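Everything below concerns the one structure shown next.
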Amino acid sequence: MRKLLIINGVIYDGLGNEPFCGKIYIEDERIKKIFFEGENGEELKQIEKDKDVEIIDAGGKAVTPGFIDIHRHCDIQPFYGTDFGKVMLSQGITTTVVGNCGFSMVPVPEEEERAEEMFAFAEPVVGPACREIRTYGEYMDALDKRKLPINFASMLGSGTVKIAVKGFANTPFTEDEMEKVSGYIADALEKGAVGVSAGIMYLPECYNSTEDYARMLAPMGKYKVPLCVHIRGEGDSMVDSIKEVIEIGKKIGCPVEISHFKSCGMANWRKEIHRAISLIEEARKEGQDVTCDFYPYEGGSTALTTMVPPTFVAGDMNHALKRMGTKEGVEEFCKSLELTYDDWDNFAITLGWDRILISGVNKKSNQKFVGKMVSEATKEYGFESEGAFVAWLLHDENGKVAIINMSMCQDDIDTVAKLPYSNVISDSIYAVTDTPHPRMYGAFPKIIREYVEERHVFTMEEAVRKMTSQPAKRMGIARRGQIKEGFYADINIFDSKELKDRATFEEPTQLATGLSCCYVNGKLAWKNETICNDACGKNLRRTDR
């Protein structure tokens, strides 16, 4: 039996309570007993005398639950090794939730041509496909057999489900298709999925109606798991998009988590976020379970295909990408970028190409564009227009292009951050690139460094709550996110003045520093800026207790 006693720590319980000095006794995977300062009973004396107990001296540092990132796109990473865990453990992330924004690794379409289309579409978000795994059950079984550096919990993406059933078609669901989609959802929930995600902004989900979601996601009503939603529009249509997801949640009878809640487009800053919050507050007052999350950066990260108007795609992404290789197709694409749409945000207009950074490509010949704004690359390499450059690049890369869009303002981010029900996330995407969004490497330490220590947006206990017990409760992750007897020993030890993010937009791949040590399921996973054990994590299911 493995026994640990953490002493001389300032303990933050994860619930937002005042910190206290005490000792934490751990047996194997769980916290067995918590002793308060000054407590010196017989039980503690026996533990301290036990030669098998390893004493961990926290030296007056903060002792917190391990951080929980409920929005990360590392679904596929365990099948390529454990190195991805270094980036997360350095930040104190001990548990993550994958399958976000409507993207999940499964289910895979039965037809190979459609499967390859899905893999290409998802690659700028989740990375290169692992083709051997096709169903949710296979995915969970495979994760059970992998070495995991941290704990994994998984959702099913409704966008991936729709592609599996009907590709990128813009036609309504037939009764047979609706039954298949609903069946995929029910099967994943039965097998322990902690929720379902939707990416209403993305193809092909942008063709769905509110009623489509109410029908396809109906099985969620039985399990009461959250619907985590990338809303239809985060710019001009953001307020209407919030109304839509609140209505979807009401029809299904499930909790709603609004993913990376933000207001994009300079004309919308400092205004629309407050209107949207009013809608959320109204729904909450009426008893509906609606919450949100945010990442602490002014730039977002996604695939360049999100900037292709759905009217141009017309239900066939492959055909759209092929047309971008023709003169007529480029002209049509450029014209479509000059229009505004009632049900789709055209960032080419509301944001502008001078705020869209190319962050990831596949071909070596296109590496010269990485790190440049679209407007900059267009001018430097002699393209006729930004639209012509984007069309050429998407055609040449078969859509596999990742971008960073500088779409938000700090005032709005702070407004969301201060909501008592908002959770901290990273929203890290896993395109193959040397220039990822810095949030992959630094989102959680940035909260401590900037939001707690420098700008005092949060108290330390508030920040810890938003990164531990609150996200755990939101996703139904049992016995994690708190320093509490009977809970799993996912624990961070650090000096809040030393824990720092180092990743920037200019140098995004710098690991966070200052985390003294990190325990995952009672095992030492991180110390002295390095991984000590890359197999401490578990594959979690909703039914785990």
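Here the structure is a predicted model, which is why all the values come from computation and not from measurement.
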Does [X] come within less than 4.0 Å of [Y], counting only side-chain N to carboxylate O?
X	Y	value
Arg455	Asp414	yes
Asp495	Lys61	no
Glu453	Lys497	yes
Asp544	Arg541	no
Asp427	Arg72	no
Lys500	Glu454	no
Lys363	Asp396	yes

Validation row: Cys518, Val520 side chains within 4.5 angstrom (heavy atoms): yes
Pair Tyr297 + His437: ring centers closer than 6.0 Å: yes
Near-ring test Phe333/Phe312, centroid separation under 6.0 angstrom: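 Between Phe333 and Phe312, which both carry aromatic rings, the centre distance is below 6.0 Å.
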Roughly how far, to the nearest 0.5 Å, is [atom2] of [Y] from [atom1] of [X]?
X	Y	atom1	atom2	value
Cys536	Leu524	SG	CG	7.5 Å
Lys466	Glu461	NZ	CD	13.0 Å
Glu397	Ile358	CD	CD1	9.5 Å
Met88	Asp69	CE	CG	6.0 Å
His260	Thr302	NE2	OG1	8.0 Å
Phe294	Ile425	CZ	CD1	9.0 Å

Under 3.5 Å, is there a donor-acceptor pair between the side chain of [X] and the main chain of [Y]?
X	Y	value
Thr350	Gly265	no
Thr94	Asp490	no
Ser426	Met440	no
Ser197	Val229	no
Asn405	Ser407	no
Arg232	Cys206	yes
Arg542	Ala153	no
Asn539	Met140	yes
His230	Ser259	no
Ser104	Gly157	yes

Heavy-atom neighbours of Asp434 CG exceed 12 at 6.0 Å: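 No.
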Flag if over 12 foreign heavy atoms under 6.0 Å of NZ, Lys368: yes
Classify the side-chain pair [X]/[Y] by whether it contains a donor and acceptor separated by less than 3.5 Å.
X	Y	result
Tyr202	Thr305	no
Gln482	Thr468	no
Glu234	Asn268	no
Ser375	Asp354	no
Thr291	Arg474	yes
Asn423	Arg465	no

Chi angles and distances behind the side chain to side chain contact (heavy atoms under 4.5 Å, CB included) call for Phe444, Ile93: CA-CA 8 Å; Phe444 283 71; Ile93 298 170; 3.7 Å; yes
Ring geometry between Phe121 and Phe168 (parallel below 30°, tilted from 30 to 60°, perpendicular above 60°): perpendicular
Among Val196, Val225, Asn100, Ile70, the one residue meeting side chain to side chain contact (heavy atoms under 4.5 Å, CB included) with Met155: Asn100
Option passing side chain to side chain contact (heavy atoms under 4.5 Å, CB included) with Pro436 (candidates Ser428, Ser301, Pro508, Ser359): Pro508
Heavy-atom closest pair, residues Ala417 and Phe458: O-CE2, 3.2 Å
Exercise: identify the closest heavy-atom pair between Ile447 and Ala463: CG2-CB, 3.9 Å
Side-chain donor-acceptor pairs of residues 380-389 under 3.5 Å, sequence neighbours excluded:
{"unit_1": "Glu380", "atom_1": "OE1", "unit_2": "Lys372", "atom_2": "NZ", "d": "3.1"}
{"unit_1": "Ser385", "atom_1": "OG", "unit_2": "Ala388", "atom_2": "N", "d": "3.1"}

Residue from Gln91, Arg449, Lys446 passing side-chain hydrogen bond (donor to acceptor under 3.5 Å, both in side chains) with Asp501: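 When Gln91, Arg449, Lys446 are each tested with Asp501, the side-chain hydrogen bond (donor to acceptor under 3.5 Å, both in side chains) holds only for Arg449.
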Criterion side-chain hydrogen bond (donor to acceptor under 3.5 Å, both in side chains) against Glu29, the qualifying member of Lys523, Arg479, Lys538: Lys538
Stepwise side chain to side chain contact (heavy atoms under 4.5 Å, CB included) test for Leu143 and Phe79: CA-CA 8 Å; Leu143 278 180; Phe79 303 102; 3.8 Å; yes
Intermediate values then yes/no, side chain to side chain donor-acceptor pair (under 3.5 Å), Ser158 and Glu205: CA-CA 8 Å; Ser158 62; Glu205 292 196 78; 2.6 Å; yes
Evaluation steps, side chain to side chain contact (heavy atoms under 4.5 Å, CB included), between Lys527 and Tyr519: CA-CA 9 Å; Lys527 188 176 182 180; Tyr519 292 85; over 6 Å; no
Salt bridge (Lys or Arg N to Asp or Glu O under 4.0 Å) evaluation trace for Arg131 with Glu116: CA-CA 9 Å; Arg131 289 169 168 79; Glu116 290 302 321; 2.8 Å; yes
Verdict with supporting geometry, Leu227 and Val245, side chain to side chain contact (heavy atoms under 4.5 Å, CB included): CA-CA 9 Å; Leu227 174 63; Val245 297; over 6 Å; no
